[in-house]
Every structure is written in C-alpha cells, then in structure tokens.
Amino acid sequence: MKPTLPQGTRDFGPETVRKRQYIFNIIRTQFELFGFQPLETPAFENLDTLMGKYGDEGDKLIFKILNNGLERPEKHESSRQLFEQVLQGKLEKGITERALKYDLTIPFARYVAMNHNLLTMPFKRYQIQPVWRADRPQRGRYREFYQCDADVVGSRSLINEAELLQLYTTVFSQLKIDVKICINNRKILVGLAEACGFAGNMMDITIAIDKLDKIGLDKVIEELRNKGLTEDSLQKIQTYLKLSEIEGNSDILQLLKNFFAETPIALEGIQEIETLISFAPQVSIDVTLARGLNYYTGTIIEVKPLGIQMGSIGGGGRYDDLTGLFGVSDIPGVGISFGVDRIYDVMEELKLFPENLEGSLQVMLVNFGETFNAYNFSVMQTLRNEGISCEMYPEPIKFDKQLKYAGKRNIPYVVLIGEDEMNEEMISVKNFTTGLQHKMRLTEVISRIKQGSL
RNA sequence: GAGGGUGUAGCUCAGUAGGUUAGAGCAUCAGAUUGUGGUUCUGAGGGUCGUGGGUUCGAGCCCCAUCAUCCUCCCCA
C-alpha cells in the first residue's frame, strides 16, 4: 500500500518543527511571565461534555470516536439499530460516547468544575495542546491544529480582560506580526436584539451582522429580513452597522451611547468597553464582531493579521457561567486563544521567521576508520561534557561524502583527527562557514567554540 | 453540507490536433576527486500517466464513474 495522511493533517519536518517551537516558546514564555499556570487535559472527552457547547455548527464538527466492541457478534443487532437512529440524527450513545476535543476552553471548564474546591481563585491557567475539528480543510484550516489558551476563572474584574489584551499585544509584537485586535461586547449585541424585539434570537442577528465585511450591507439586511425581522428593526440594525464605518474608538463609544440610550444591558457593555479601552488603547472597537461560540457573555476579542488574507489567528472572550453547564455555578471566566498553525502560515508567507533557527548541532567529527574511532569517541565525550553539541560520523566512508553530509546539515565546525593529528596530539578544525582550517589543542578548540571565535 | 479546480518520476511541472519506445528541472545514487564540502562535468536508477469502465484501428490527451487533493461558501484558530 502507499501511505497517505488523513485529510487535514500534516507531518512536520525538522525545519518546520523548529519554526513552530519558536512560536510556542514565545507564547509560553509570556504566559508564564503573566502568571498563568500550565494545564493539560486528555485528547478526548466524553461526548456529552462537548455536545451543545459550541452551537449547532460546532456540534457537527466534533470528531466522534466509535465505541469499542461494536464488532462483537452478540452486539451486531443492537449496533445496527443504534446506527439507524444515528442516521436519523438521534442519540449517539451506544455507538459513540467519546470525542476528540474541539477546543481547550470547555475541557478547562470541565476541569474547573471538577476541581473548583482545590483551586486557588482566581485561577489562571495556560494550555498548549492540539484540538480536532471535522471541517473541510482549506487554506489556513486544518483538522488537527494547536491552540494556546490563557484563561482566568473566578474573577469578574475587567483587569483580566486588560491583561489578556496586553498579552496579545506583547506576543504578536515579539513575533513581529502586524495585527488588528478587535473587541466588542455580547451585552451590546443582546441589547441590539432586544431593541429589535428579537431578544431570544440574538445569535441569528449576530451571525448575520458578523458577515458585513464579507457580503455587504444589502445581503446582511436581506438575510435578516428572511429571519423575520420587521422593517423597523432592520432600520435600527442599519443604523447600528453604520457605526462600523467610523474610525476612532471614542467616537464609536459616543455614538453607541446615544444609540442605546434606553437599553441598559447595552449600556453596561459599552461601559465595559470604555474601561477596557482606557487600559488598552491599542485595540479597535468592532461593532460587527460577533463570534459563533455561544458561551460568551461579555467582552469578545478577535485578532486579525494585517497585510495578508487569512482568517483570525486568535480569539476569545468572557463567559460568565461556563462551569454552570457542569453543575458548578458562579465561576466567571475570561480567556483568549492563539492559533499557532495560522500564525505559522502568516509568518511563513510574510517571511517573519528569524534566519538562524537551524539545528543546534555545532560539531561533527570525521570518521577516519577503526584505528581512530576510540580516540575520536573520547574527544566527542569531552566536547559534550563542555556543553558543545556534536556527533561523529558513524561510517568510515569517503572523506568528501562525510563533508558533504556536514554541509547539508549546516554543521558549523568539522573536527578532523586522523593519523597526523593523533601523533601530534593536535586537532584540525574546519570552519564550515569560512572554509578555513586550523590545527590546535583540544582545550583551545573548546574555548574558541564557546567564544564563537573559531 | 453546497459549488469549482487539479491528479504524469521522490518534488515542481511539460506533453502541442488522439499516432511508434512518455520528457525536463530539482532531488537521490555513483564516478571525475583514496585527507577537504557547497560549484562544475559525466553517468545511473526511478512511471500500473490516481483508480475503474467506455469511445477509437490506436487514449497521458475525449466521455462516464470513483477516489484523492486544493480552493470558495457556511463556520472557525
């Protein structure tokens, strides 16, 4: 058979892994610097932990795991019947009761609900793990990808939001990616739905207006008209959407206040944004920002890269009662996520990776044959004890082949110890960048490599 | 779930109107060069033309189906 990868997955070769690690390291370092603590959760969860948390669309995209033992003969009949029900979109236990995790937030909420009396609140955790979505792959979209999440639970303070916005700003500036950090507030969207007499169906409205920059005003209004909104409400929404054309946070805030003068819930959201802007003036208010995940209740955040066509590379928001879904209420939280795979794609396309991310291997010892192996081997151990990474070519093949290998692997120094060197108790070192070669004692090799003066 | 593009060597792709034995570059390996890499030169290996059917005297090329992959929409990181 010829091997293939499952759709939407990738292998990462050495060079790619190094670049990815560069991103992970920057994010992890900042997470720690901001006081977040690490957490890991299983690759898969019980299906009912995940179902119903991400909206209808999300449920469809959860990778379900087939139960074990379905192939056992005595289970054939019941499996067949259960599968019939699955085909009708009905219950799925008996066929599947576990699923690959879809994001890091819900498993975190599950963890907090299970451990809340052990945790010191407010609890700040970060988590760097893969998640899986049964989506159709396309540009910037994978079925397996990494998220890096930072969340704070057990605090309602907007300081947390401000910190997370600062975290975004710091990380993306270190990665040298130009981004637009957009914020909005679900309370404003709730207020808008209320004002339209459509309070129960906030998501329909928000999902439609979220598409403004993609499909344009006319189509958004058309879509909402089909949802059954009155002409009066459509007029209100048009007025609201006009705000998206305005530049400048303070102007937008003022207009929002006027527009929602008689909608208390919206005013609350506006007030929250105003406070946040005072902490983080670098972010932009985006009144059309909605976000599909239905557990957000307050601030919502999204990060878009500038100068490239790519979906969001980060997102998050406040959720006031996520653990309530697991029977533990009154634990509010707020969090953000970094999409490493898209960040990688952006950096690759805009050539933002530093040059010198190649291997750390510093020295290769040439293999001159059995007579010299023991001596070379002991030199190699000495170098390693000195913290210099090195390897000896394992086969006594032709000299130029060994050098070719060193060249391809970008090894900066090649050590040659053959007959002459052994007799003289000297070592020949060739600098592969300059091509120059010198003979010296081992101690000098070590100190000069350490100083980078070889 | 809806719509579109592409499948020829390990990779990127040529392949002209359907016509003998399917090509190039890169990569790999070997030699030129038995203690000095990248450059250069010479040579070699490597293909069920995604798969199955059909049209035809004849199919890499045309038709149908199927699979894979990429892109767009929906939704998202």
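Everything numeric in this text was worked out from a predicted model, so none of it was measured. Order of the sequence lines sets the chain letters (A, B, ...), proteins ahead of strands, with each chain counted from 1.
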From the list A:Val340, A:Asp341, A:Val171, side-chain contact (heavy atoms from CB on, under 4.5 Å) partner of A:Ile23 resolves to A:Val340
| said: Taking only side-chain N and O atoms of A:Arg141, does any of them lie within less than 4.0 angstrom of OP1 or OP2 on B:U72? | reply: no
Open item on the list: Looking at B:U36, I'd like to know if its phosphate oxygens (OP1 or OP2) sit under 4.0 Å from a side-chain N or O belonging to A:Gln402.
Closed with: no
Check: Can the positive tip of A:Arg10 be found less than 6.0 Å from the middle of the six-membered ring of A:Tyr142, inside 45° of the ring normal?
Finding: yes
* If you look at every strand shown and take non-hydrogen atoms under 4.0 Å, does A:Glu421 touch a base, only sugar-phosphate, or nothing? -> base
If you compare every side-chain N and O of A:Lys401 against the phosphate oxygens of B:U28 (OP1, OP2), does one of them come in below 4.0 Å?
no
Original post:
Taking OP1 and OP2 of B:U28, is either one under 4.0 Å from a side-chain nitrogen or oxygen of A:Lys408?
Top reply: yes
Check: Does any N or O donor sit under 3.5 Å from an N or O acceptor when you compare the side chain of A:Lys398 with the base of B:U34?
Finding: no
With rounding to the closest Å, how many angstrom separate the C1' atoms on B:C57 and B:G18? 12 Å
| said: Would A:Phe338 count as stacking on B:A77 if stacking means ring centres less than 5.5 angstrom apart and planes tilted under 30 degrees? | reply: no
Original post:
Within a radius of less than 6.0 Å around OH of A:Tyr375, do more than 12 heavy atoms belonging to other residues, nucleotides or ligands occur?
Top reply: yes
> Does A:Gln138 make a side-chain N or O approach to OP1 or OP2 of B:U72 shorter than 4.0 Å?
Replying inline: yes
Rounded to whole Å, CZ of A:Phe145 lies from P of B:C75 at a distance of 16 Å
The Watson-Crick or G-U wobble partner of B:G7, with both key distances under 3.5 Å, is B:C67
Looking only at heavy atoms, the pair that brings A:Lys101 and A:Pro107 closest together is CD-CG, 4.0 Å
